[in-house]
Amino acid sequence: MTPRAKYIMIGGFLGAGKTTSVLLLARYLVNQGQKVGIIMNDQGAGLVDTALAEANQFPTEEISGGCFCCRFNSLIDAAQQLTEDTRPDVIISEPVGSCTDLVATVSLPLQQIYGEQFEIAPLSVVVDPIRARRVLGLDTGKKFSANVTYIYKKQLEEAGVIVINKTDLVSAEELQELSDALEKDYPNAKVIRVAARHGHNLPTWFDHVITETLQSTPTMEVDYQRYGEGEALLGWLNVSANLEELDGGEFDGNALLQHIASDLRSQLAAQGAEIAHLKMILSADPSGLELAAINCTRTDQKAELSHTLADPIDSGELLINLRAEAAPEALDAAVTATLAGLKAKNIDSKLTHTEHFRPGQPVPTHRVVV
Ligand SMILES: Nc1nc2c(ncn2[C@@H]2O[C@H](COP(=O)(O)OP(=O)(O)OP(=O)(O)O)[C@@H](O)[C@H]2O)c(=O)[nH]1
Ligand SMILES: [Mg+2]
């Protein structure tokens, strides 16, 4: 009999550091001689996360146009595809950051229906400590509306492991206070502190999900109307565009991404819209291996480059994924204005893909109640 593949799902709210962690876990496993496959998921198409996973040359499948729970059969197809292509020992998947109830609608159905093929790890839920402190009322600062916060807290409630990421962003006292509050409010979860980007304490978390399996606990109650209303408060935008220097000269792609992020951020700040995650990639070549990437995970946070281009470029492919608590039309208007403004920098932009919408009401394919 073929050995079962381990299925590890890394959830958590938008911008918490899921993709960063998925890629590091994949590298950690590969370094141990394991074969991995990655499944990325999003409500729209044209994903920065998939581009990053492919740039890291991991076998990757993408499920777009709906979440795992609502597209359970596509998740199975993606897992089978990875199995056919590379027979991975471990499948790592990243659900949409506005999704919850993943244990009942994804982990348990996988365990019950496909238990011969997959061994399911405990669900990890990654949090950004600044965002989590605001949600738990430990700090002031711009927050999401009550129904978005409802989703955030439901994510924590079903976690097997709560991973406080980005520990470099808060003081030791703030971190301890957050960790204590999470342990008190969510006693079923193991709380682990990491700084994924800095590789800090990752083996504690990774070894836990590699070795442990999902424990059976009573199913969390979810008010699907509230959940749907919370998701519908978020605006989603995915845009791809070709950028070209008008006189055939070259431009600094890293500086340009910083300019675009700062322009978008100030437009959204002026409207009081809270950014959940603005992520962009500028690829210099069709292979997508040479790229610059930038992220901003709060309206009051300056965007940061996580990958940079080594040299100036004359043209490139820009991918924008923006999720914020705002009307999708407002996100579209902001992006349209920012791209039009690039003319002043002598850069022409031609849209190749554009979509903006609110996520639809979640309707899971399966829901296993314990
Ligand atoms: N300061 C700091 N930033 C981090 C750390 N880990 C990840 N980040 C940054 O957090 C931002 C968001 O990271 P992602 O991994 O894209 O987050 P995500 O959860 O996949 O986001 P979505 O897919 O949009 O839900 C990026 O700028 C990362 O570089 C960390 O340990 N410290
Ligand atoms: Mg991601």
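Indexing begins at 1, ligand by ligand and atom by atom, following the structure's order.
- Residue Asp168 places at least one N or O, backbone or side chain, under 3.5 Å from an N or O of ligand 1.
- In terms of protein heavy-atom proximity, atom 6 (N) of ligand 1 is nearest to Asn165 ND2, 3.2 Å.
- Side chain to side chain, His277 and Asn295 meet the donor-acceptor criterion of an N or O pair below 3.5 Å.
- Gln43 and Arg358 share no side-chain donor-acceptor pair at under 3.5 Å.
- Inspection of the Ser98 and Glu231 side chains reveals an N or O donor paired with an N or O acceptor under 3.5 Å.
- In the candidate list His307, Met40, His200, His277, His277 is nearest to atom 16 (O) of ligand 1, counting heavy atoms.
- Classification of Glu229 and Arg226 as a salt-bridged pair fails, no side-chain N sitting under 4.0 Å from a carboxylate O.
- The residue from Arg323, Glu304, Lys166 that puts a heavy atom closest to atom 8 (N) of ligand 1 is Lys166.
- Scanning for side chain to side chain contact (heavy atoms under 4.5 Å, CB included) contacts around Glu355 gives Ala45, Asn238, His353, Phe357, with sequence neighbours left out.
- Distances under 2.8 Å from the Mg ion (ligand 2) pick out the protein N/O/S atoms Thr19 OG1, Asp49 OD2, Glu94 OE2.
- With Glu157 as the fixed residue, the side chain to side chain donor-acceptor pair (under 3.5 Å) test singles out one of Lys154, Gln155, Lys153: Lys154.
- Residue contacts with ligand 1 include Ala16, since one or more of its heavy atoms lies under 4.0 Å from the ligand.
- In this comparison of His198, Lys18, Lys279, Arg197, the heavy atom closest to atom 5 (C) of ligand 1 sits on Arg197.
- For atom 7 (C) of ligand 1, the nearest non-hydrogen atom of the protein is Thr20 OG1, 3.5 Å.
- The protein heavy atom nearest to atom 17 (O) of ligand 1 is Gly17 N, 3.1 Å.
- Residue Val194 does not touch ligand 1, judged by heavy-atom distances below 4.0 Å.
- Neither the backbone nor the side chain of Thr167 comes within 4.0 Å of ligand 1, counting heavy atoms alone.
- Annotation for ligand 1: atoms under 4.0 Å from non-hydrogen atoms of Ala195 are 31 (O).
- Neither the backbone nor the side chain of Val96 has a heavy atom within less than 4.0 Å of ligand 1.
- Contacts of Asp128 with ligand 1, taken as heavy-atom pairs under 4.0 Å, are absent altogether.
- Under 4.0 Å is where a charged nitrogen must lie from a carboxylate oxygen, and between Lys350 and Glu244 no such pair does.
- Under a 4.0 Å N-O distance rule, the pair Glu304/Arg197 qualifies as a salt bridge.
- Using modelled atom types, one finds a donor on one side chain and an acceptor on the other under 3.5 Å when comparing Thr19 with Glu94.
- Atoms of ligand 1 lying under 4.0 Å from any heavy atom of Glu94, numbered from 1 in the order shown and given with element: 20 (O), 23 (O).
- Screening residues 257-271 for side-chain hydrogen bond (donor to acceptor under 3.5 Å, both in side chains), with sequence neighbours left out, gives Asp263-Thr338, Gln267-Thr338.
- Lys190 is linked by a side chain to side chain contact (heavy atoms under 4.5 Å, CB included) to Ile192, His208, counting only residues two or more places apart in sequence or in another chain.
- Nearest protein heavy-atom neighbour of atom 26 (C) of ligand 1: Asn295 CG, 3.4 Å.
- Of all the atoms in ligand 1, the ones that sit under 4.0 Å from a non-hydrogen atom of Asp49 are 23 (O).
- A salt bridge is defined here as a Lys NZ or Arg NE, NH1 or NH2 lying under 4.0 Å from an Asp or Glu carboxylate O, and Asp49 with Lys279 meets this definition.
- Between Phe144 and Phe13, the two ring planes are tilted [angle within 30° to 60°].
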